[in-house]
Each structure stands twice: as C-alpha cells, then as structure tokens.
Number of protein chains: 2
Amino acid sequence: MQKLMFKDKLLTQLVNVFRQYGYEGATLARISAATGLGRASLYHHFPKGKEEMAASALNLVNTWLEESILTPLRQESEPIERLRDLSKNLYEFYNCGQQTCLFTMFALGESKDLFQAQIQKALNVWIDTLAQVLIDAGLPPEYARHRAEDAILQIQGALILGQGLDETGAFERVIKRLPEQLLNGTEQVSRGICLQ
Amino acid sequence: MQKLMFKDKLLTQLVNVFRQYGYEGATLARISAATGLGRASLYHHFPKGKEEMAASALNLVNTWLEESILTPLRQESEPIERLRDLSKNLYEFYNCGQQTCLFTMFALGESKDLFQAQIQKALNVWIDTLAQVLIDAGLPPEYARHRAEDAILQIQGALILGQGLDETGAFERVIKRLPEQLLNGTEQVSRGICLQ
DNA sequence: GTCTATACACCGATAGAC
DNA sequence: GTCTATCGGTGTATAGAC
C-alpha cells in the first residue's frame, strides 16, 4: 500500500521532469534532483535506465488520460453533458493550460522514434472515444472523426501557443467553447458558436 | 554572391537539423554531418557556438516567415484573396504538413529560456498581421485577434498531431478551410464552413 | 533500497597546423 | 576556411559497500 503510493509519487515526479525538459533534456541529474533519489537508486527502480523511466512516465500519463478523460467520455449521460465534463477535466488535466503535454514532448525530436507507436495508439484511442460521443449525438461518423481530431489538435496547439506567448488565454477559450463547437449542427445544439 | 549563397545554404541545413532534433538533440556531431563541416569549421562561422547557430537558424525562419507569409498578408488585394494565398504559402512553408515548426521546437524543453523572447515576438507579429486582414474584412478588432490566434494554434496543433499520428490529413484539412473559417460571418463570406 | 565511487562515451568548445 | 587533435565537463550506466 505504501509502496504503491511511493512508486506512484515517484512516477508523478518523473512525468513532471519529462514534461518540462523533454526526453533528452531530462538528464539523470535533474531526475535525481526532482525525485530526491541518487542515480543508482533510480536504476534500482528502473533497471533498463532512462528509457524505462520515460516509458513508465508515458504509461502513467496514459492511465491518467484513461481515468480522467476517456472514462467520463464513455458514460451514459447526454453527449453535451459528457463534453462539458470533458472541458472541465481537460482544464484540470493540463493545469489550466500551463502544462505541456507529454505526448507532444515525446512526439518531437529524438525521442519520436522511441515512443511514436505508443503515442500514436494513445492519440487514436482518444480520437475514437471522442468521435463516438459525437456519433451518439447524431453526427455522421465521417464528420465525427474529423471533429474529434480537430478538438485534440486545438488543445495541443493551444498548449503550444500558451508556451510561446506565455499566456493561457487561448487555451481557456478553446476549452470553453469545445462542447458547443463539437456538437455544432446536431440536434443537441441548435445554434453553436463558430470561432467567435 | 557565392558567399551569400553558401551561408544561406548552411543556415538552411542548420534549420533542418534543429527542426528535426530540437535544440538539445541537435548535437554538433549531427550538425557536422548535416552540413559536411567539421566542428572547428562550424565555430569559425559561429564563434559563439551552438547557441549562435540556433539563434541564426531562428532568424532565418523569421525571415522566411516574413517573406512568404507576412508580406503576402499585407498586400492590397481582397482579404479573402490574401487568406487563400496564406493557405497556399503555409502549405509550402511546412512542406505539406510533414515538417515541424522551429518555433515549437524551441518553445518547449530546455531551449525555452534561451529563445522565448524572440519566439513570443515572432508569434505576436504573426498574429497581429493576420488579425489586421480580418479587421480589413470587417471583423471587430476584439474578435480578429482571437481568430488569428485560433488559426495559428490550429496550424501548430495540426503539425503536432501530424507527428504523433504520422499522417498529414489533419494539417491539410486545417489549411484548406482556413480562409473561409477566418472570414466566417463577415460580408466576405456569406456562408462559411464551421468545423465540418 | 540507498549510497559513494567510478567507468566510459559523448557533449560543446578550443588550439594550432595547413 | 577547413582540418586533426584535444580539452574539461557532463551524459548514461554500473559496481560494490552499507
């Protein structure tokens, strides 16, 4: 029980380091400082070294995504309600738009080759799950996939822009309008907003 | 004349390396291999070392942005025409969505601190220039800024998603609908599309 | 399970010959 | 202007004591 909590805390710290510095930038010195463990201790917990640390961090983020984003999307409630939950959960997931996304960090640069398969799979599950909500709302499946991609693309882009501009306004705007934008044109939303 | 061409070619190769590997991942060994110059030769052209190489690459991208994106946006033609040019130029600028954006690469990770001021300035100029087109088209200024941010955010997000999914469909879709989406609700476009 | 000490490769950077 | 050779520092990873 305590061991689980310890490992979970350790992994959370790993996620934070990798999210801030990326795979190459997250040196063992930084990881050691962030976790309070010496290098050798880290190798005790992750015998395969840094790559295993990063993979474990990626797995944890995947678990978070599953629990706090995807599971709520699969509920029985009305699509518009599920999407409003999504907005709320995304806002917390990305800490009001101030965090970077680990998927993005690992999908760029050298680490792309190491983790692209996992990232691709995770993104596709995310997109498919979101698209199903839109299909439930009456949107034709061929539009649903595109809109789901659009939503995730806007979230990622808003996080990037937030880093570049050092300001979270765009992220908050994207998150806020997401439910109505996604359901625009369906019976769920008679008059949606469109990039206002 | 030939010197200018040489330096320009060298800088272009630098941009490619930094865009692919990011600041930390672009080691001197890789830069040396990509340019065909030895380390010492690189230090002859960039006495302040890697940071100067990266700053020069960023400057070149800024020049490209100014010439092929911003200047066309400031023409005298109709806003819808300028935005259609924008789509075409963006498509080439990002090589059909297969390239990553150097702004994004440098805005994340360790290099953020080094270049954030330049990136922030470049993004703001881009946003302001695009917003002016929308104002010219009759959009209220307070909406114009937001829509311009939305456009750039979608472009960046589409590039990220393209890397993660290894597929450029989203980027092409974003680029194609950009003009109508940006002018939606203005007299220029009586019936725009909205995330179809 | 954590530590100190260390191995060895690679990093960015420089000196000096040509 | 480019090269070879080399520097000090840091990177990941490991050995072995406690």
Side-chain angles (χ1 to χ4, degrees), chain A residues 1-58 102 105-106 108-115, chain B residues 1-60 102 105-106 108-115:
Chain A
M1 183 58 181
Q2 269 200 337
K3 288 201 174 185
L4 281 176
M5 285 177 60
F6 172 79
K7 192 83 178 206
D8 216 62
K9 187 180 174 187
L10 178 58
L11 283 172
T12 300
Q13 289 164 326
L14 281 183
V15 169
N16 288 333
V17 178
F18 281 114
R19 193 153 48 175
Q20 181 173 1
Y21 297 105
Y23 182 75
E24 296 85 30
T27 63
L28 289 189
R30 271 199 254 258
I31 295 172
S32 183
T35 59
L37 294 179
R39 284 158 222 247
S41 299
L42 290 169
Y43 275 85
H44 172 77
H45 294 285
F46 306 97
K48 281 184 287 183
K50 185 173 164 176
E51 188 173 333
E52 187 180 358
M53 299 179 208
S56 301
L58 195 55
L102 194 64
M105 297 303 289
F106 282 178
L108 300 176
E110 282 189 283
S111 52
K112 185 187 174 185
D113 298 329
L114 287 176
F115 301 112
Chain B
M1 184 58 184
Q2 269 200 334
K3 288 202 177 186
L4 281 176
M5 285 178 59
F6 172 79
K7 193 82 177 207
D8 216 63
K9 187 180 173 187
L10 179 58
L11 284 173
T12 300
Q13 289 164 327
L14 281 183
V15 168
N16 287 333
V17 178
F18 281 114
R19 193 153 49 173
Q20 181 173 1
Y21 296 105
Y23 183 75
E24 296 86 28
T27 64
L28 289 189
R30 271 199 252 259
I31 296 172
S32 183
T35 60
L37 294 178
R39 283 160 224 247
S41 299
L42 290 169
Y43 275 84
H44 171 76
H45 294 284
F46 306 96
K48 281 185 287 184
K50 185 173 163 176
E51 187 172 333
E52 188 181 356
M53 300 179 207
S56 302
L58 194 55
N59 274 336
L60 181 60
L102 195 65
M105 296 305 288
F106 282 179
L108 300 176
E110 281 190 283
S111 51
K112 185 186 174 186
D113 298 330
L114 287 175
F115 302 112

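Residue numbers start from 1 in every chain, and the chains themselves are labelled A, B, ... in the order their sequence lines are given, proteins ahead of strands.
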J.: Determine the sole option in Lys50(B), Glu52(B), Met53(B) for which the side chain to side chain contact (heavy atoms under 4.5 Å, CB included) test with Leu42(B) is passed.
T.: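 Of the listed residues Lys50(B), Glu52(B), Met53(B), the side chain to side chain contact (heavy atoms under 4.5 Å, CB included) partner of Leu42(B) is Met53(B).
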J.: Taking the side chain as C-beta and beyond, is there a heavy-atom pair between Leu37(B) and Tyr43(B) under 4.5 Å?
T.: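 Answer no - side chains too far apart.
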J.: Measure the spacing between CE of Met5(A) and NZ of Lys9(A) and express it to the nearest 0.5 Å.
T.: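 Reported value, rounded in 0.5 Å steps: 8.5 Å.
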J.: If you check every side-chain atom of Thr27(B), which of dG12(C), dT2(C), dG1(D) has the closest atom?
T.: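 The answer is dG12(C).
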J.: Please state whether the phosphate of dG1(D), meaning OP1 or OP2, lies under 4.0 angstrom from any side-chain nitrogen or oxygen of His44(B).
T.: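 For dG1(D), OP1/OP2 do have a side-chain N/O of His44(B) under 4.0 Å.
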J.: Separation of Glu24(A) atom CD from dT10(D) atom P, in whole Å?
T.: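 Checked: the CD to P distance equals 19 Å.
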J.: Taking salt bridge (charged side-chain N to carboxylate O under 4.0 Å, His left out) as the test, write out the residues that go with Arg30(A), two or more places apart.
T.: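 Listed in chain order: Glu110(B).
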J.: Can you measure Leu10(A) atom CG to dT2(C) atom C1' for me and round it to whole angstrom units?
T.: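 Leu10(A) atom CG is separated from dT2(C) atom C1' by 13 Å.
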J.: Can you measure Tyr21(B) atom OH to dC10(C) atom C1' for me and round it to whole angstrom units?
T.: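 Rounding to the nearest Å, OH of Tyr21(B) and C1' of dC10(C) are 16 Å apart.
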J.: Which letter, B, S or -, goes with each nucleotide of nucleotides 13-18 of chain C from 5' to 3', with contact meaning a protein heavy atom under 4.0 Å?
T.: BBB---
J.: To the nearest Å, how far apart are Glu110(B) CD and dC11(C) P?
T.: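 Distance, rounded to whole Å: 14 Å.
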J.: Between dT12(D), dC11(C), dT2(D), spot the one nearest the side chain of Ala29(B), thanks.
T.: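 So the side chain of Ala29(B) is nearest to dC11(C).
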J.: Take the angle between the ring planes of His45(B) and Phe6(B) and call it parallel below 30°, perpendicular above 60°, tilted in between.
T.: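 The arrangement is tilted - the two ring planes meet at 30° to 60°.
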J.: What residues, two or more places apart in sequence or in another chain, satisfy salt bridge (charged side-chain N to carboxylate O under 4.0 Å, His left out) together with Glu24(A)?
T.: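 Testing Glu24(A) for salt bridge (charged side-chain N to carboxylate O under 4.0 Å, His left out), a comparison that skips the adjacent residues, returns none.
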J.: Output the rounded distance in Å from CZ (Phe46(B)) to C1' (dT2(D)).
T.: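 In whole Å, dT2(D) C1' lies 15 Å from Phe46(B) CZ.
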J.: Can you find a side chain N or O atom of Ser41(B) that sits less than 4.0 Å from OP1 or OP2 on dC3(D)?
T.: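 So the side-chain polar atoms of Ser41(B) do come within 4.0 Å of the phosphate oxygens OP1 or OP2 of dC3(D), strictly under.
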